[in-house]
K.L.:
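Provided herewith is a single structure, encoded as structure tokens, for subsequent inquiry.
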Amino acid sequence: MHPENIWIVIVLLVVILAGSNLLMLALVRGWRPHKGEKGFLQNFTQPWKTENDQWKELSERVKQLEEREK
């Protein structure tokens, strides 16, 4: 076995591992919400929050209209 080939394999392995770690770090940083933005992971923790808010708004509007008719 040639010792030069072993060093090439070791260097390539280190470069691949470091590159994949940097890529994962960039992906996680991109998912984190910035100020005033909704984060990607918020959809997993509160999946129906927007729908609930819309239904709540509709319900309040219907109540207002029913009170106006009385």
Side-chain angles (χ1 to χ4, degrees):
M1 193 173 245
H2 301 285
E4 301 88 30
N5 292 344
I6 293 173
W7 286 108
I8 292 172
V9 169
I10 291 173
V11 168
L12 283 175
L13 186 64
V14 168
V15 167
I16 290 171
L17 286 174
S20 66
N21 283 332
L22 288 174
L23 178 66
M24 292 297 162
L25 178 67
L27 286 173
V28 169
R29 287 277 175 129
W31 283 347
R32 192 177 64 191
H34 301 289
K35 289 183 180 178
E37 292 182 1
K38 194 168 88 170
F40 174 76
L41 295 177
Q42 185 178 3
N43 290 336
F44 292 117
T45 59
Q46 300 173 346
W48 295 285
K49 183 176 180 353
T50 56
E51 287 84 1
N52 286 342
D53 291 343
Q54 291 172 349
W55 281 110
K56 208 179 287 184
E57 181 182 344
L58 180 63
S59 175
E60 290 172 4
R61 181 70 177 141
V62 168
K63 285 179 185 176
Q64 289 174 355
L65 290 174
E66 286 176 349
E67 288 175 1
R68 188 182 295 173
E69 286 181 2
K70 289 182 181 181

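Remember, it's a predicted structure, so these values are computed and weren't measured experimentally.
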K.L.:
side-chain hydrogen bond (donor to acceptor under 3.5 Å, both in side chains) with Asp53: which residues, sequence neighbours excluded?
P.N.:
Lys49

K.L.:
Show me the donor-acceptor pairs within less than 3.5 Å that the side chains of residues 59-68 make with the rest of the protein, sequence neighbours left out.
P.N.:
none

K.L.:
Donor-acceptor pairs under 3.5 angstrom involving side-chain atoms of residues 10-18: please list them, not counting sequence neighbours.
P.N.:
none

